Protein chains: 2
Amino acid sequence: MNIGDAAKAAGLPVKTVRYYADIGLVRAPDRSPAGYRRYDEAAIRKLAFVRRARDFGFSIEECRELLSLYEDRSRSSADVRAIAATHLAEIEDKQRQLAALHDELAHLVEACRGDDRPDCPILDRLG
Amino acid sequence: MNIGDAAKAAGLPVKTVRYYADIGLVRAPDRSPAGYRRYDEAAIRKLAFVRRARDFGFSIEECRELLSLYEDRSRSSADVRAIAATHLAEIEDKQRQLAALHDELAHLVEACRGDDRPDCPILDRLG
DNA sequence: CTTGACCTTCCAGTAACTGGAAACACTAGC
DNA sequence: GCTAGTGTTTCCAGTTACTGGAAGGTCAAG
């Protein structure tokens, strides 16, 4: 499979697949005589794996770790769980920050009349 | 005031203040004979304004808009409100995405025994 | 007069791509 | 066999909002 079909199969843009190859995350296992990257089933599965992990918000480096655990048949589930749990804690942290932000900003927007006059509690608060 | 004191007063790293000057967000109103940036009260107020707006998650470009509204004595509060409301909607959107992510991932972490065995629902789900 | 803190500019790197240019490869139709 | 169109290659640059570091100039204190 050429890169275009592989990308389609994995649900990724071609550019991204090439990028993943460049950074050594998922390399094409082979090249055609003309130099075209050729992807097999296993490589496409890895690409799809990375796409899903990225959808879950895992960073590229986390994906690299997960991928090596994924490929290592003797890995323990504890390792994977640790990565996921850390990531989950980060998400919860971000959620808290976002909630605080939201409440403050919502207050300001509510307090702002939003008319033609220059009185604006939002600017007052910022300035 | 030199850049160090201005940065301290505004609660920003020196590098960031210099960066804001470079991109024309908040320029130093003057330079010393030796070429040192000199900040006055007004400039420091603008720097602090930007810091707070950034804390609220406004992008640099949004800060630029807010700043020009902030400086424009004839501006209407509606303009400011519109920017803030748009930003609020983005925050809410991100909150929803994060919540969905959180629930899915929390499920997986919960389902994973996290022991020495290779059975791992997290990897199963990703792979 | 020297030391140390502060300032300057410029260059490079971060995360994770994305866009574009120039050139080569492949396929279909005529 | 030729041509058009699409797919592929590499490389370079840009994105966001800084951050780190190097090389060198400035200033105040002792």
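Proteins get letters first, then strands, A, B, ... in listed order; numbering begins at 1 in each. Predicted, not measured: the structure shown is a model, and the values here were computed from it.
In this structure, B/Ser59 reaches the sugar-phosphate backbone alone: every heavy-atom distance under 4.0 Å involves primed, P, OP1 or OP2 atoms, never a base.
A/Ile60 has its CD1 atom 14 Å from the C1' atom of C/dT14, to the nearest Å. Rounded to a whole Å, the CZ atom of A/Phe58 is 17 Å from the C1' atom of C/dA16. In this structure, A/Arg54 atom CZ and C/dT18 atom C1' are separated by 14 Å, rounded to whole Å. Rounded to whole angstrom, the span from the CD1 atom of A/Ile23 across to the P atom of C/dT18 amounts to 12 Å.
Side-chain atoms of A/Glu110 do not come within 3.5 Å of backbone N or O of A/His107 as any donor-acceptor pair. Proximity of a side-chain donor or acceptor of B/Thr86 to a complementary backbone N or O of B/Ala82 within less than 3.5 Å is detected. Within the 3.5 Å criterion, the main-chain N or O of B/Ala43 finds a donor-acceptor partner in the side chain of B/Asp40. At distances below 3.5 Å, at least one donor-acceptor pair connects side-chain atoms of A/Arg54 with backbone N or O atoms of A/Phe58.
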What are the atom names and distances for every N/O pair under 3.5 Å that joins the protein to nucleotides 8-10 of chain C?
{"from": "C/dT8", "atom 1": "OP1", "to": "B/Arg37", "atom 2": "N", "distance (Å)": "2.8"}
{"from": "C/dT8", "atom 1": "OP1", "to": "B/Arg37", "atom 2": "NH1", "distance (Å)": "3.0"}
{"from": "C/dT8", "atom 1": "OP2", "to": "B/Arg18", "atom 2": "NE", "distance (Å)": "3.0"}
{"from": "C/dT8", "atom 1": "OP2", "to": "B/Arg18", "atom 2": "NH2", "distance (Å)": "2.8"}
{"from": "C/dT8", "atom 1": "OP2", "to": "B/Arg37", "atom 2": "NH1", "distance (Å)": "3.4"}
{"from": "C/dT9", "atom 1": "OP1", "to": "B/Arg31", "atom 2": "NH1", "distance (Å)": "3.3"}
{"from": "C/dT9", "atom 1": "OP1", "to": "B/Arg31", "atom 2": "NH2", "distance (Å)": "3.4"}
{"from": "C/dT9", "atom 1": "OP2", "to": "B/Arg37", "atom 2": "NH1", "distance (Å)": "3.1"}
{"from": "C/dT9", "atom 1": "OP2", "to": "B/Arg37", "atom 2": "NH2", "distance (Å)": "2.8"}

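Close approach of DNA chain D to chain B, defined as any atom under 4.0 Å from a non-hydrogen atom of the protein, starts and stops at D/dA17 to D/dC27.
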Pairs under 3.5 angstrom only: tabulate donor-acceptor contacts from the side chains of residues 31-39 of chain A to other protein residues two or more places apart or in another chain.
{"from": "A/Arg31", "atom 1": "NH1", "to": "A/Gly35", "atom 2": "O", "distance (Å)": "2.9"}
{"from": "A/Ser32", "atom 1": "OG", "to": "A/Ala34", "atom 2": "N", "distance (Å)": "3.2"}
{"from": "A/Ser32", "atom 1": "OG", "to": "A/Gly35", "atom 2": "N", "distance (Å)": "3.4"}
{"from": "A/Ser32", "atom 1": "OG", "to": "A/Tyr36", "atom 2": "N", "distance (Å)": "3.1"}
{"from": "A/Arg38", "atom 1": "NH2", "to": "A/Asp30", "atom 2": "OD2", "distance (Å)": "3.1"}
{"from": "A/Arg38", "atom 1": "NH2", "to": "A/Arg31", "atom 2": "O", "distance (Å)": "3.3"}

Test log, rule salt bridge (Lys or Arg N to Asp or Glu O under 4.0 Å), inputs B/Arg52 and B/Asp55: CA-CA 5 Å; B/Arg52 277 190 289 272; B/Asp55 284 348; over 6 Å; no
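Summary of the strand contacts: A/Tyr20 and A/Pro33 both lie near DNA chain C, and taking for each the nucleotide with the nearest heavy atom, the more 5' one is attributed to A/Tyr20.
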